[in-house]
Structure formats: C-alpha cells, structure tokens
Amino acid sequence: MEKMQQVVGRARAAFNSGRCRSLEFRMQQLKALERMVQEKEKEILAALKADLHKRGPNAYSQEVLGVLGELALAMDKLPSWAAPQPVKKNLLTMRDEAYICPEPLGVVLIIGAWNYPFVLVMQPLIGAIAAGNAVVVKPSEVSENTAQLVADLLPQYLDRELYPVVTGGVPETTALLTQRFDHILYTGNSTVGKIVMEAAAKHLTPVTLELGGKSPCYIDKDCDLAVACRRIAWGKYMNCGQTCIAPDYILCDPSIQSEVVENIKATLQEFYGEDVKSSPDYERIVNKRHFKRILGLLEGQKIAHGGEADEASCFIAPTILTDVSPESKVMEEEIFGPVLPILTVKSVDEAIEFINRREKPLTLYVFSNSKKLIKRVISETSSGGVTGNDVIMHFFLSTLPFGGVGNSGMGAYHGKHSFETFSHRRACLIKDLKMEGTNKLRYPPGSQKKVDWAKFFLLKRFNKGRVGLVILALLGIVAAVVVKVSFG
Amino acid sequence: NPYAGLVSHLRAAWLSGKTRPMEYRRAQLEALGRFLDEKKQDILEATALDMGKPSFEAYFTEILLCKNELNTTLNNLCHWMKDEHVDKNLVTQLDCAFIRKDPYGVVLIISPWNYPIQLFLVPLIGAIAAGNCVVIKPSEISKHTERLIAEMLSCYLDNDCFAVVTGGVQETTRLLENKFDYIFFTGTSCNPSVGRIIMTAAAKHLTPVTLELGGKNPCYVSDCCDVQNVARRVAWGRFFNAGQTCIAPDYVLCSVVMQEKLMPALREAITEFYGPNPQESPDFGRIVGDKQFRRVRALLCSGRVAMGGQTDEKERYIGEGPWSRGLWDHLCPSDVLPYPFSTAPTVLADVLPSDPIMQEEIFGPILPIVVVANVDEAVDFINARPRPLVVYAFSCDSKVVNQVLERTSSGGFCGNDTLMHVTLTSLPFGGIGNSGLGKYHGKFTFDTFSHHRACLHRSMGLETLNALRYPPYNQQKLGLLTATFEVKRKGMCTLL
C-alpha cells in the first residue's frame with residue numbers, strides 16, 4: 001500500500017511540476033516510445049512468444065504494427081488535437097472569445113490484459129502521454145514475460161517519475177486502486193470491471209472499461225459462404241481464440257450449418273496445414289486454468305471438428321460445435337478460446353431477438369449479400385461496434401472509437417478518441433470588461449422590457465443559414481446600441 | 001424492489017423500438033416545448049414558493065434557457081442523428097465506415113432543487129433526442145416544483161416511455177437498485193458523498209454516469225480592472241437565486257488594495273440591483289429550506305461582515321439590515337440582534353482560509369473576500385484546493401486572465417464575467433475531479449445519452465486483398481501488410 005502511495009505520489013508531483021504539459025515534451029516522450037518499439041522489437045516478439053506462443057510475423061502484425069501506427073498518428077496530429085477549438089457563438093457573446101481547451105486530466109492508470117499484452121498497454125499509453133498526463137502502467141501478471149519487459153523497458157526510454165510501471169497480481173492491483181487517479185482505463189472482464197468502477201467511485205474518478213462478452217456472428221443464407229467462413233475462421237482462431245472481439249458464436253439457418261462447417265474446415269487446412277499442432281502459426285492457451293475452463297465447455301457438445309487437446313503444452317485444436325443449445329454452458333460465458341459453437345435460427349428476426357435477449361456484446365458480426373439486411377441487423381441491435389461481412393477489422397481503423405456498451409464496457413479509445421478520453425475539454429469564455437451596456441439587460445431590477453430583449457438575444461428559434469446570420473448580426477449590433485442608450 | 005415494475009415497463013417500451021424514429025423524438029420534444037409555454041405561470045409560481053425565486057430569474061433560467069436548448073436540439077436533431085462517416089485507411093478505402101449514434105435504453109435523470117426545471121429538462125431534452133426512455137427523479141426539497149413535474153409532465157409526454165418518480169433519499173436508494181443504461185446526476189456539493197454513492201450504485205450494473213457536482217468556484221480580481229463593472233458582474237453571479245447556483249463565484253481572491261475598492265463598488269451594485277432594502281425586493285431570492293438556511297447562517301462566523309450579515313429565519317432570508325450600513329463590527333449570528341430583518345446580501349472581508357466559510361461550497365448569498373498578494377499567490381491558492389466547476393478571473397490585462405486560465409484546472413472558465421459561459425450551448429458544461437465527470441448542453445447532451453457505435457461495412461468481394469492477413473504467415477506477407485497498414489509521418493519525404 002505504502003509503495004503504491006509513493007509511486008502515485010511521485011507521479012503526481014511530477015505532473016504538478018508542469019513538465020509534461022508542453023507539446024515538445026509530449027512529442028519527445030512519444031518519439032522515445034517509437035525508438036523503444038523499433039530498437040527492442042526482438043525482445044518484444046520474444047516475450048510475446050514466451051507468453052502466448054505467438055510467432056514473429058503474427059506477433060508483429062498483431063501487436064507491434066498497430067502501436068507504430070498509433071505513435072505516428074499521435075505525433076502527426078498532436079498539435080491539432082491539443083489546439084483550443086473555437087465554438088459557435090450567439091448574439092450575446094459575439095464579441096467574446098469562446099473555445100474549448102483540451103487539458104490533461106492529471107495522473108491516469110492503465111490496467112492491461114494478457115491476451116494482447118503489449119498493444120493493450122501501449123495504445124492507451126500513447127493517448128495518455130499525448131494528452132499530457134502522468135501515467136501509471138499496470139500490465140497483466142498473467143502474461144508475465146511481457147509484463148516484465150514493459151517494466152524493464154519503459155524506464156529506459158521514458159521519464160521515470162511520470163510513467164512508472166507497477167507489476168504484480170490481484171493484491172498489488174487492489175492496493176493501487178485505493179489511490180486517487182484522474183482517469184482509469186481498464187481492459188479485462190466484466191466482473192473485475194465492476195470492482196474497478198466501484199474503487200474509482202470513491203474518488204469520483206472517470207473510467208474507461210474495455211470489457212468483453214459473447215460477440216455474435218450471424219450468417220445469412222444469401223452470402224458467399226466460402227469467403228465468409230474464411231474471414232470468420234481467421235478472426236475466431238487468431239491468438240487461439242483469445243481475442244475480445246473474436247466472433248464468439250455463429251447464428252445461421254439449419255440448412256447451411258453443415259456447409260459452414262465444411263468451409264471452416266477447409267480454411268483451417270489452408271491456414272494451419274494437416275497437423276495444426278505443428279503449425280508455427282497456431283498459438284496456445286495462456287495457462288492451465290484457462291485450458292481447463294475451455295475444455296470444460298466442450299462437455300456434452302456435438303463436436304463437428306477438432307476437440308483434441310494437450311494439457312502439457314496448453315494446446316486445444318480449432319474446434320467447431322454444432323446444434324448447440326442456448327442453455328448450454330458454452331453459451332453462458334465468453335469462450336475466449338478456439339471453440340466455435342453454431343446455433344441454428346430460422347430467420348434473421350429470430351437472430352435479432354436472440355441477440356437482444358442477451359447482454360450487449362463488444363462486437364456484432366453479420367454476413368450477407370443484402371445491404372438491407374445488414375443495415376437492419378445494425379439498427380435493431382446494440383453492441384460496442386460492428387463489422388459487416390468481415391470480422392475484427394473495425395478495430396484497425398483508428399478513426400472509429402473502440403469500446404463497449406452495457407456489460408461490454410463504457411468509453412472508447414484509439415486514435416483521436418484516446419486523446420479525448422484522457423483529456424478534459426474545458427469550456428472557456430473570455431469577455432470584455434467593457435461593453436457593460438448589454439449586461440444591464442440581465443441585472444435586477446427585472447422588467448418585462450428586459451425580458452423581451454433577453455428573448456431577442458438568446459432565443460435560437462431559427463437557423464436560416466449564413467445570410468440570415470449576417471442580417472441577425474447587424475440587427476444585434478443595432479439592438480446593442482439601442483439597449484445601451486435606453487438602459488445605459 | 002418497488003420500482004422494478006416501472007423500470008421493466010419502460011424497458012419493454014424501449015425494446016419495442018418506439019423511441020427510435022426521429023418523428024417520435026421530435027413529437028416528444030415539441031410536447032416539452034408546449035409544457036414550457038402552457039405551464040409557464042405554474043413554473044414561476046412553484047419556484048417562487050420553493051425558494052422565493054424572482055420571476056425574472058425564473059423566466060431566464062427555467063423557461064428561456066430551456067427553450068434555447070429545445071430549439072437548438074429541434075433544429076439540429078436530424079443532423080445529430082445521422083451516421084458520422086469517418087476517414088478511412090488504405091485497407092478500408094472501399095468500405096463504409098461510420099459512427100452510429102445508438103440510444104442507450106432506459107436512462108435515469110436525478111435533478112436538484114436550485115434550478116428545478118432546467119436541471120431535469122435540459123438533460124431530458126438530450127435523452128429524448130438520443131432516443132432513450134427516461135425515468136426522472138426531481139428533488140423533493142423543491143416540493144412545489146416536484147409536485148408540478150409529477151402531475152403535469154405526464155400530460156405532455158408518452159407515459160409508456162417517460163416516468164416521474166418522487167420521494168427522498170430512501171426512494172432514490174431503492175430506485176438505484178434497478179439497472180439503468182445511463183445515470184445522469186446533478187447534485188450540490190453540500191453533500192459531496194452523494195456523487196460517490198450514485199457512482200458506486202452504477203458500478204454494480206456497469207452503468208455509465210454523468211455527475212454534475214459542485215465546489216468552491218474561485219474568482220480572482222486583479223488590480224487592473226474597471227472596479228464598478230467587476231463588482232456588478234460578480235454581485236450578479238453571487239446573489240442570483242440567493243447564491244444557490246453551482247457556478248456562482250464562491251469567493252473572491254484579490255489584493256488588499258482591491259478589497260478596499262471593491263467594497264463600495266459592491267455596495268453600489270447591490271443597491272442598484274435590490275434597492276435599499278433587499279428583503280423587500282422582488283428580485284432577491286430566499287434559501288430553499290430550514291436545514292439549508294441554518295447551514296448557510298453558520299458560515300457567517302468568518303472574517304468580518306462588510307455588508308449584510310443579518311438573517312431572518314422565518315423568511316429564510318440572509319442579508320443586511322437598514323441600520324447596519326456603514327457598520328464594520330465583528331458580527332456573529334450568535335449575537336442577539338434587535339431586529340432580525342434584512343436589507344442586502346452579505347459580503348465578508350479579510351476572510352482566512354481556515355474560516356468556516358472556506359471549508360465548504362457556500363450555496364448562499366454570502367461573498368467572502370480572501371486577500372492574496374498577487375496573481376501567483378491566487379493561482380497557488382486555487383491549485384491547493386479540489387478542482388472547482390468554474391474558475392473566474394477579472395482583469396483589463398488579457399495576459400493576466402490567460403495566466404489564470406493556463407495555470408489552473410476546472411470544469412470551465414469564464415474571464416471577466418460570471419455565469420455566462422453556460423448560456424452558450426456550443427460550450428460543454430461539466431466538472432472535473434471533485435466537481436464532476438461528463439458534460440452536457442447543446443449537442444453534448446445528445447452525445448452524452450448516445451452510444452457511439454463503430455461500424456465498418458465491408459464488401460464480400462476483393463478477397464484476394466485479405467490474403468495478406470491469413471496464415472501461414474511469412475516475412476513477405478508481413479512486408480506487404482505493413483505497407484498497407486502503416487501510418488507514415490508526414491513531412492518525411494525522402495525525395496527532398
């Protein structure tokens with residue numbers, strides 16, 4: 001507890017010193033982060049391999065590429081993101097300066113997850129630094145090699161007081177959460193998400209919770225099944241299914257169920273060859289606990305493909321389950337493993353109803369040749385995000401906010417959204433000390449005449465475009481002069 | 001769970017999709033406009049009974065500002081509801097990428113007593129515009145307005161989708177046991193733990209919240225300024241609604257020289273506003289209830305009374321007696337005064353940071369002045385305290401105003417005036433740290449009550465391009481993938 005107090009206290013003192021406010025300083029830190037990622041690429045990939053059996057090119061494209069992209073974007077856009085934003089004024093404030101000033105929040109906490117242990121700590125960190133905050137980083141202890149690496153590397157490249165790394169498990173995180181932060185970004189599951197928000201409530205700390213859920217994937221009868229199944233298989237089995245935005249389960253018409261299975265099987269062959277276990281591109285389950293949990297979900301299920309497992313190496317083969325019942329165990333929790341249940345529904349109406357009866361998921365996927373059907377599914381459901389006719393891809397477009405809703409989380413980040421998440425948008429109105437004339441309208445004693453003038457200046461009854469505004473402005477000036485004469 | 005039935009009724013209406021079409025939202029909003037027009041007199045009367053709210057103030061804040069928000073929303077609803085298309089990267093060039101504004105579902109708005117119509121109506125406007133069903137819980141302390149809202153709102157809004165719940169702390173606690181999809185809470189910081197209680201209750205259901213709280217809003221007055229204008233603007237902001245405004249200037253920071261100049265200027269402004277006997281002015285309000293009155297009165301034992309200091313318990317009036325003008329004695333409420341009646345609002349001079357009045361948000365018609373040597377000391381004073389809802393700075397020198405702005409942190413900032421920044425609907429209104437989280441007004445209210453859903457609609461074709469991302473992985477694929485995904489720094493043209 002005391003140690004946490006010290007770490008956070010030092011970060012706060014460093015923030016209060018004001019040194020992380022200047023854009024130059026923030027750019028410098030971001031550049032240093034970029035150097036770190038480029039210079040230590042080998043070490044980063046090695047840690048990911050040790051934690052998740054992720055191979056070089058895969059780990060690079062999943063975790064390093066995205067980070068470099070965010071860094072380049074942040075460094076490019078920082079001056080424009082951090083600039084004060086002037087806002088539309090009304091008649092009364094015409095002569096004033098009115099703008100929104102983005103400001104740092106202070107000391108923020110980032111709690112990472114183990115499934116993409118590097119990128120899930122780095123992407124928020126980039127936004128938090130760009131926004132001018134001090135950041136306490138708490139990587140997941142489950143991916144222990146990456147956690148240790150982050151703890152070793154960050155102090156070598158970044159300001160040590162402003163961006164400390166705290167390692168440890170549940171007791172350390174609990175102690176950390178008793179401290180006061182100005183924002184907490186947590187990636188993980190809903191149960192812990194509630195604990196984080198409750199701890200944050202004690203200090204009125206705003207939170208961004210990137211949680212999970214069961215992301216449904218509806219396959220319409222009218223679609224190119226070969227393409228759809230290839231895309232779904234890619235998203236489902238990457239990182240051995242341990243992806244928060246993986247398609248969790250499939251909903252489709254019973255008539256296409258076996259075709260779906262065949263197509264996925266063919267794709268798996270393409271991806272991983274005859275013997276999945278020996279494919280260098282297929283990852284492993286992160287630890288024995290999750291291994292046992294996922295295997296437990298297979299009990300009593302019809303296994304159409306896969307099901308092989310090896311506890312020693314935490315290997316579970318890509319598995320497909322068919323004719324799954326909505327009440328079964330595999331449909332109760334987020335699978336987070338290479339098991340793909342298929343549930344049959346007779347129509348898109350049934351699919352929509354099924355989805356809406358459950359908690360709002362992090363993502364929703366729908367495959368169809370019909371644009372109309374896709375639009376309908378989007379409009380009649382709710383989810384953090386959606387990709388139509390593909391999976392995962394909305395995550396890679398940084399102009400789209402990435403986050404959940406309901407049980408799948410609150411708040412969002414990526415790209416500019418990270419910057420905004422970690423900034424306070426301060427409303428600023430700077431008036432003139434002179435021009436007291438119009439102010440007299442509002443001072444007591446009150447009168448009907450004053451009320452009528454107030455209505456004129458304030459009411460926005462119409463929105464007649466530019467010409468209207470010019471006329472209005474002229475009228476406003478005339479009115480101001482008249483008021484000054486009659487009340488001045 | 002006494003409210004489970006009500007909440008599930010609203011949830012059923014929500015699931016039916018009734019509130020989603022634009023025409024429906026527009027119709028409900030226009031009904032709210034009619035509520036403001038037809039019940040104007042009732043609103044003015046109810047707020048007058050609740051806290052002696054002067055009708056000019058009530059009209060300005062409870063009717064005019066609300067109509068402003070309503071019209072802004074109606075004018076822009078179509079535009080706000082539209083999908084927001086976003087810039088795409090190379091790999092998504094041929095796709096449709098947009099942000100969809102989805103309603104959250106069933107939301108809860110809890111409002112306070114000081115601006116009892118505005119503080120539930122403005123959030124409600126945004127919640128309806130965003131397509132939600134809403135439970136409204138107005139404050140029981142402003143009981144006449146509470147009754148008005150409970151009885152009359154149902155005549156204007158669709159009762160399947162919008163409900164009013166009345167009651168006190170117990171009822172609110174039971175209400176919070178239910179799951180809501182968003183909770184919007186405005187409360188005074190007189191009881192700072194309420195915000196925490198709301199957020200803790202919300203955490204149980206992972207419900208996102210906006211908390212509009214309060215704090216002590218500092219008001220720095222530099223030596224270089226037009227004293228009379230400053231005095232007028234500060235007095236207006238302080239004594240509006242008898243000081244019961246979350247964005248009122250809570251205390252003044254200035255030099256000892258400026259304090260001497262401010263006194264007569266404030267006295268003149270107060271007399272200009274409320275006449276020689278403010279207790280008789282229809283333009284000066286009252287404290288809302290006995291508990292609040294006693295709390296504010298206890299704060300008078302601070303500094304020295306420069307103006308006012310008299311209180312009238314029966315009327316819940318805090319101000320000045322006609323004989324005390326010119327008296328600069330130490331006055332404590334425990335002193336027995338011959339005639340506990342009133343004239344003008346109160347100004348306290350030479351207040352110390354340790355005085356009772358500097359320990360909590362005043363929320364009453366008392367303006368303490370704390371002397372500081374210069375702007376640096378003022379900034380340090382402000383930064384040593386929890387971040388307020390707003391910081392005010394007055395100076396003829398814009399550099400001084402900017403200094404205070406840049407070196408402090410607060411929800412909002414207003415230079416050379418008070419209160420006015422919240423009348424501009426294009427500025428976000430909200431706190432930071434202890435003064436709150438989230439923001440609203442204008443489009444920000446709509447955004448607060450919408451889930452911004454990332455949508456990417458791809459085509460089934462062009463599968464060959466996707467081949468780059470599929471296993472088996474190799475260095476060549478990676479190279480090509482990097483080329484298509486990478487965001488390069490601008491200005492790194494190697495040709496030059």
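Labels below follow one simple rule: chain letters A, B, ... track the order of the sequence lines, proteins then strands, and each chain is numbered from 1.
Separating the NZ atom in B/Lys477 from the CG atom in A/Asn58 is a distance of 11.0 Å, to the nearest 0.5 Å. Rounded to the nearest 0.5 angstrom, B/Tyr473 OH and A/Gln62 CD are separated by 6.0 Å. Distance check: B/Leu456 CG to A/Ile392 CD1 gives 11.5 Å after rounding to the nearest 0.5 Å. Annotation: the span from B/Leu15 atom CG to A/Glu353 atom CD amounts to 10.0 Å, rounded to 0.5 Å.
With hydrogens and angles left out, the side-chain atoms of A/Arg426 and B/Ser410 include a donor and acceptor closer than 3.5 Å. Counted by atom type alone, B/Arg453 and A/Ser383 present one or more donor-acceptor pairs between their side chains at under 3.5 Å.
Contact detail for A/Ser379 and B/Arg100: the closest heavy-atom pair is OG-NH1, 3.3 Å. Minimum interatomic distance between B/Met460 and A/Val227 (heavy atoms only, all atoms of both residues): O-CG1, 3.5 Å. The shortest heavy-atom contact between B/Tyr104 and A/Val405 is CE2-CG2, 3.8 Å. Of all heavy-atom pairs spanning A/Met410 and B/Leu206, the tightest one is CE-O, 3.4 Å. Of all heavy-atom pairs between B/Ala203 and A/Lys194, the closest is O-CG, 3.3 Å. Closest non-hydrogen pair, A/Leu433 versus B/Phe394, comes out as CD2-CD2, 4.0 Å.
Contacts between B/Phe273 and chain A at a heavy-atom distance below 4.5 Å involve backbone atoms as well as side-chain atoms. Interface remark: A/Thr208 contributes no atoms to any contact with chain B (heavy atom separation under 4.5 Å). Interface residue B/Arg387: only side-chain heavy atoms are found under 4.5 Å from chain A. In this structure, chain B has heavy atoms under 4.5 Å from both the backbone and the side chain of A/Ser190. In this structure, chain B has no heavy atom under 4.5 Å from any part of A/Tyr282. Only the side chain of B/Val391 comes within contact range of chain A, with at least one heavy atom under 4.5 Å from a heavy atom of that chain. Heavy-atom distances place no part of A/Cys101 under 4.5 Å from chain B, backbone and side chain included. Of the two parts of B/Glu406, only the backbone, made up of N, CA, C and O, holds a non-hydrogen atom closer than 4.5 Å to a non-hydrogen atom of chain A. At a 4.5 Å heavy-atom cutoff, A/Gln85 makes no contact with chain B through either its backbone or its side chain. Interface remark: B/Tyr392 contributes no atoms to any contact with chain A (heavy atom separation under 4.5 Å). Contacts of A/Ala233 with chain B are absent, with no heavy-atom separation under 4.5 Å from either backbone or side chain. In this structure, chain A has a heavy atom under 4.5 Å from the backbone of B/Ser459, while its side chain stays farther away. For B/Pro208, the parts sitting under 4.5 Å from any heavy atom of chain A are the backbone and the side chain alike. In this structure, chain A has heavy atoms under 4.5 Å from both the backbone and the side chain of B/His457. With a threshold of 4.5 angstrom between heavy atoms, A/Thr387 approaches chain B through its backbone and through its side chain. B/Arg407 does not touch chain A: none of its heavy atoms, backbone or side chain, sits under 4.5 Å away. Residue B/Leu437 touches chain A through its side chain alone, counting heavy-atom pairs closer than 4.5 Å. Heavy-atom distances place the side chain of A/Glu359, and not its backbone, under 4.5 Å from chain B. The part of B/Lys179 that comes within reach of chain A is its side chain, from C-beta onward, which places non-hydrogen atoms under 4.5 angstrom from that chain. Contact of B/Ser281 with chain A is not made at all, since no heavy-atom distance falls under 4.5 Å. Contact of A/Arg230 with chain B is made through backbone and side chain together, with heavy-atom distances under 4.5 Å. Proximity to chain B involves both the backbone and the side chain of A/Leu105, based on heavy atoms less than 4.5 angstrom apart. Contact of B/Asn402 with chain A is made through the side chain alone, with heavy-atom distances under 4.5 Å. The parts of A/Leu397 that come within reach of chain B are both its backbone and its side chain, each placing non-hydrogen atoms under 4.5 angstrom from that chain. When heavy atoms are compared at a cutoff of 4.5 Å, B/Asp87 approaches chain A by way of both its backbone and its side chain. Of the atoms belonging to A/Ile374, it is side-chain heavy atoms, and not backbone ones, that fall under 4.5 Å from chain B.
The environment of B/Gln476 atom CD is sparse: at most 12 non-hydrogen atoms of other residues, nucleotides or ligands sit within 6.0 angstrom.
Across A/Gly18, A/Gly411, A/Gly384, the residue that shares the most heavy-atom pairs under 4.5 angstrom with chain B is A/Gly384. For chain B, the option among A/Lys202, A/Glu198, A/Arg425, A/His424 with the highest count of heavy-atom pairs below 4.5 Å is A/His424. Chosen from A/Arg231, A/Glu380, A/His417, A/Lys371, the residue pairing most often with chain B at heavy-atom distances under 4.5 Å is A/Arg231. Residue with the most contacts toward chain B among A/Arg180, A/Glu97, A/His203: A/Arg180 (heavy-atom pairs, distance under 4.5 Å). Listed options A/Ile100, A/Asn369, A/Asn16, A/Asp224 were ranked by heavy-atom pairs under 4.5 angstrom with chain B; first place goes to A/Ile100.
Looking at A/Ser61 and B/Leu478, their side chains come closer than 4.5 Å, going by heavy atoms from C-beta outward. The shortest distance between side-chain heavy atoms of B/Asp95 and A/Met393 does not fall below 4.5 Å. Annotation: side chain of A/Glu103 is in contact with side chain of B/Ser409 (closest heavy-atom distance under 4.5 Å). Residues B/Leu424 and A/Asp96 form no side-chain contact, since every pair of their non-hydrogen atoms from C-beta on lies 4.5 Å or further apart. Proximity of B/Arg232 to A/Tyr443: side-chain heavy atoms (C-beta onward) are separated by under 4.5 Å at one or more points. Annotation: side chain of B/His421 is not in contact with side chain of A/Lys431 (no heavy-atom distance under 4.5 Å).
Side chain of A/Asn389 to backbone of B/Arg458: a donor-acceptor contact under 3.5 angstrom is found. Remark: side-chain polar atoms of B/Asn89 are paired, donor with acceptor, to backbone N or O of A/Phe396 under 3.5 angstrom.
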Applying side-chain contact (heavy atoms from CB on, under 4.5 Å) to A/Leu400 and B/Ile99, what does each step give before you reach the verdict?
CA-CA 7 Å; A/Leu400 287 174; B/Ile99 301 173; 4.1 Å; yes
Using the rule given for side-chain contact (heavy atoms from CB on, under 4.5 Å), can you reason through A/Arg442 versus B/Leu419, listing the C-alpha separation, both sets of side-chain angles and the distance that settles it, and then say yes or no?
CA-CA 11 Å; A/Arg442 71 196 200 198; B/Leu419 311 190; over 6 Å; no
Begin from the C-alpha positions of A/Lys360 and B/Asp102 and carry the test salt bridge (Lys or Arg N to Asp or Glu O under 4.0 Å) through to its verdict.
CA-CA 12 Å; A/Lys360 297 179 192 176; B/Asp102 273 345; over 6 Å; no
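Remark: A/Thr363 engages A/Ser215, A/Ile245, A/Tyr365, A/His394 in a side-chain contact (heavy atoms from CB on, under 4.5 Å) (not counting sequence neighbours).
For B/Asp83 and A/Lys375, the salt-bridge test fails: no basic side-chain N is under 4.0 Å from an acidic carboxylate O.
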